[in-house]
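Note that this is a predicted model, so its numbers are computed, not measured.
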Amino acid sequence: MTASGEVAIGPARVRERFLLGEPVEDGVRSLILNSWQRCRSLGLSPDRSELPYRPDIDLDSRLVRAARPVLDRLASRFAGSRMNVALTDGDGAVLQRRFGEASMIRQLPAIQSTPGFVFAEQYGGTNGIGLALAERRLIQVYGAEHFSERGQANACTALPVRDPLSGRIEGVLCFGYPRAYEDPQLEILICKAAAAIERRLLAQSSARERALLRAYLDSRRRAQTDQTDGDGRLVGMDELPRSGLDRHDQTLLEQLATELISSAQRTMVEVALSHGRRVTLLSRPVTSPSGVEGFVIEAVLHGDSLPRLVAADRADQPVGLPVPATTSAADRADQPVGLPEPATTSAAPLLRRPADAAPGPAAEAPAAPAATRLLLLGEPGVGQYAVAARRRLELLSEASTRIGTTLDVSRTARELAEMAVPRLADYVTIDLPETVLRGEEPTDPGSELQRTAVHGIRADYPFYAVGERVDLRPTTPHRRCLASGQAMLEPDLRRAADWISQDPEGAERIFAHHVHSLIAVPLLARGVVLGIASFYRARDPAPYGDDDLSLAQELATRAAICIDNARRYTREHAMVLALQRSLLPRSLPEQSAIEVAHRYLPAESGVRGDWFDVIPLSGARVALVLGDVVGRGMHAAATMGRLRTAVHNFAELDLAPDELLTHLDNLVGRLDRDEDGADPATSSDGIIGSSCLYAVYDPTSQRCTVARAGHPPPAVVRPDGTVTFPDLPAGPPLGLGGLPFETAELHLPEGSQLVLYSDGLLEDHHRDLDAALDRLRGALARPNRSPEDTCRTVMEAAVLEHPADDVTLLVARTHALDPDRIATWDVPADPARVSDIRAAAARRLSDWGLDEVAFVTELLLSELVTNAIRYGIEPIQVRLIHDRALICEVSDGSSTAPHLRHAATTDEGGRGLFLVAQLTQAWGTRYTARGKVIWAECALEASGGMPDLFESHLFDDQFADIPGIE
């Protein structure tokens, strides 16, 4: 039974279902199912599969010589059993066979007993040898998991054998046995056997190097026998200078020597070292008596500058041999058996100097002005491995600084692609789901894939363009890579039928660009597959190998972490930006004093706490506010919302700019103290603070009162295009407390523009502040331009492409209220004169065409003027303003403000403000330097509810005390 309660079926039944085309994804191991699918796409038949035979196999290759004693020992261990051991080359052709029972060689068919038959997957279907080559790791195949019917009765365990120097797969070691022989110890045994073969391959390389070294020493001795003493050592060896070189010089010489060996050319190179020293490197060939060809690198000293670079003094040690980082993960039996570690990160070659090495000049070299030493010796192939290993390390080191420079998903993907071309790949494609690009958690990485980045050696790359959808079939290496979370290597794409079937026409276009090998790597971060990176090779005729696979995985892993960080940031950034935008004004209120346009551009690296607002005030005035909260992210956005709400509340009280900033400063201080006392686990980091600029413009006087708290001063653009930055008193940022805020008054002729901006418009570590102000001045210096055009010009001219801080811009073009729409009367402190004011107001309203509201206005003025006379102090003044509404203002010299209350039935007064509140849209009190102003706004059309009010029985009782009402 399965965990879900279903009846489990065996592999034989699963195989039958697969061959019938039924779904079997949950009934067989993924690597077996993938292999079956590849076999079917190749057109193989389970009952008919002919294995090719190769008579030209090398039965005395270096792999065979290294493996022969190991195979013999295995045969001895399996003596008397039905076990058989096979060794193949890198193409799957059998090189050697060993049997536990000698009679098996006569009983088994030739295909299972004779060397030369090829068991690669494309010929033999799913089997241990073919699958080990395809998966490049330890493989076990049991009975019905074999695709071919002839393999149904047996099981096998197979493991690739690698060259320890290059990491390249040289062949496969395979155990075949009846299913009854299955034993976990077989995995350990095959790993140890493969490791022993790999060590013998390494020893062969050492023997070749030792032969080269002996040939070199013999040639040097023959050339200078007249300069040696009795024990065969060169005269003057101990007298050579030993002045030290720094690590940089030593590394440089080692790298150059390795590259000279890998180039396999006779040459001479002069090297400039530190402190003005020079060394000449001589490269010349050397051949051992057995025919091994190599190159020797000698260093010719100039001015006694080369130290003793070599550490060993034994002639029998290998020279110029790279140190394999790990021959195979199978060397340790206590580790889980899996993919062996290839020697992808070989260190610099071991430098060996024999005790009897002759430091004199070579026969072919020019006469040396100083001593000559043996620096390095080796075969060109070995040198190539060392150079490749070093370049891989350099690539990884550079990738750590070049990938993930920003928190942008698409840019990080491009950086990975650009990093890999051309040192690892000729073309790179990066595909990510749309959910990842939006910052969300990927649910199905194989769906909604979008080509996010493409880069290659040619601009006319034969791949999907950026932004296109990528739909993958289940059998493609890309989709298998996403499903399994494992990297996939296709050494020869022309044989990858499942990849070609995805898009045959596209495959032909790719082949036309000489692309022949592919590595597909999942972008895996924190256990989540984010997408896929594909590396294609074209110029290098050699296919990708395990070293390349390991390097691609390392690059992809580093990039995946950066992409995941960018994805998480994108999600948080979107949330904070949504909060920020929801807290900013969605639309600006209608008013006549100014014409407004605005812009808000969030920082690329994180939303800050910028905000702005336009707040209508009494008396046709309007307030402009712009602030910038310290910090970034959710905390800054939330703090911004609290401050914006507070500004609205304080503005409702009609406070002067300096008083409003004082109240706001006290509020920020309290918020900061609350944060200090909060739970450290939930409180935010940093101190709450903000800058703010608050300006009040009065269209009746064309004057603007401004106060600022640590904010840049505004720009004023006169109607003729002249730009000034007024020198306003600079108050401290909000939250610091202590210093008072000061106001300044500006006269703004009609048509002037007041420009408020956040410091993000100016501040950048690449630009000087004065230069930024000059650029802003140049963008603003245009007469007769609308605020919208000003915003557009400033954003284009003064804002960086990738701002490091929020950029907020608020442009207000001023209007002046026509003096004919303002009426003002001075009122003596005599109740008898109230009727005169009502009459004068009625006449003016008639002139304005507002007869419909005359009655209501007379009622308001009667109440407000009577209250001023009774309770106020002279001078008393009445002002009517004809704006979007009719504004009635009564000012006096007293600072005592009236309060609305509900009068009892027995009270003789106290109902006047209730009348005012019922008849107006809004009313209130504002304080001035000379007293206060009681104001009320009436709609320009009479209210439909007025007759009902005056027909009620309350009229006589509540309003009979108002003078002049009969």
Side-chain angles (χ1 to χ4, degrees), residues 617-621 654 656 698-701 703 817-851 853-883 885-901 903 907-938 950 955-956 958-966:
L617 301 176
S618 64
R621 299 170 305 134
D654 255 325
D698 187 348
T700 63
S701 63
R703 302 198 67 80
L817 196 62
D818 189 345
D820 291 338
R821 299 170 72 91
I822 305 174
T824 305
W825 299 277
D826 292 325
V827 181
D830 182 1
R833 302 295 301 273
V834 175
S835 59
D836 298 336
I837 297 298
R838 291 203 313 271
R843 289 192 296 272
R844 180 55 62 93
L845 292 177
S846 178
D847 294 340
W848 289 343
L850 300 178
D851 295 314
V853 298
F855 181 70
V856 173
T857 303
E858 290 185 53
L859 288 177
L860 294 176
L861 289 178
S862 294
E863 169 62 25
L864 297 180
V865 173
T866 301
N867 279 346
I869 293 174
R870 286 180 177 179
Y871 308 112
I873 302 175
E874 293 187 290
I876 302 173
Q877 189 179 73
V878 173
R879 186 170 71 161
L880 294 182
I881 302 174
H882 181 194
D883 192 31
L886 180 65
I887 303 172
C888 303
E889 294 183 346
V890 177
S891 62
D892 67 80
S894 170
S895 298
T896 303
H899 297 281
L900 178 66
R901 64 184 181 89
D907 290 342
E908 296 183 359
R911 302 174 181 87
L913 289 182
F914 180 79
L915 171 66
V916 171
Q918 293 295 317
L919 298 181
T920 61
Q921 293 178 327
W923 73 279
T925 305
R926 72 172 181 269
Y927 295 93
T928 66
R930 296 181 299 174
K932 67 175 182 297
V933 176
I934 308 297
W935 57 269
E937 291 185 4
C938 300
F950 288 103
F955 178 80
D956 293 336
Q958 291 188 337
F959 308 129
D961 61 337
I962 299 179
I965 294 183
E966 300 176 356

What heavy-atom pair brings [X] and [Y] nearest, and what distance separates the two atoms?
| X | Y | result |
| --- | --- | --- |
| A620 | I887 | N-CD1, 3.6 Å |
| E858 | A842 | OE2-CB, 3.9 Å |
| A841 | L861 | CB-CD1, 3.4 Å |
| V890 | A868 | CG1-CB, 3.9 Å |

Would you say that [X] contacts [Y] through its side chain, given a criterion of any heavy-atom pair below 4.5 Å between the two side chains?
| X | Y | answer |
| --- | --- | --- |
| I881 | R821 | no |
| V853 | C938 | no |
| V933 | T925 | no |
| L919 | L860 | yes |

How long is the span from the [atom1] atom in [X] to the [atom2] atom in [Y], to the nearest 0.5 Å?
| X | Y | atom1 | atom2 | answer |
| --- | --- | --- | --- | --- |
| W935 | C888 | CH2 | SG | 11.5 Å |
| R843 | W848 | CZ | CH2 | 13.0 Å |
| H882 | I822 | NE2 | CD1 | 12.0 Å |
| R703 | D698 | CZ | CG | 10.0 Å |
| Y927 | S894 | OH | OG | 8.5 Å |
| W923 | I934 | CH2 | CD1 | 7.0 Å |

**Item:** R621 with D654: basic N within carboxylate O range, under 4.0 Å
**Value:** yes
- Considering only NZ, NE, NH1 and NH2 on the basic side and carboxylate oxygens on the acidic side, decide whether D892 and K932 come within less than 4.0 Å. yes
Under 3.5 Å donor-acceptor pairs involving side-chain atoms of residues 826-834, not counting sequence neighbours:
| residue | atom | partner | partner atom | Å |
| --- | --- | --- | --- | --- |
| D826 | OD1 | Q877 | NE2 | 3.1 |
| D830 | OD1 | A832 | N | 3.1 |
| R833 | NE | D836 | OD2 | 3.0 |

Next item on the list: Verify the neighbour count for atom CZ of R930: are there more than 12 heavy atoms of other residues, nucleotides or ligands below 6.0 Å?
Entry: no
Could you tell me whether the side chain of T866 and the main chain of S862 form a donor-acceptor pair under 3.5 Å?
yes
Q.
Would the distance check show the side chain of W825 and the main-chain N or O of L880 forming a donor-acceptor pair, the cut-off being under 3.5 Å?
A. no
State whether a side-chain donor-acceptor pair under 3.5 Å links R926 with S618. yes
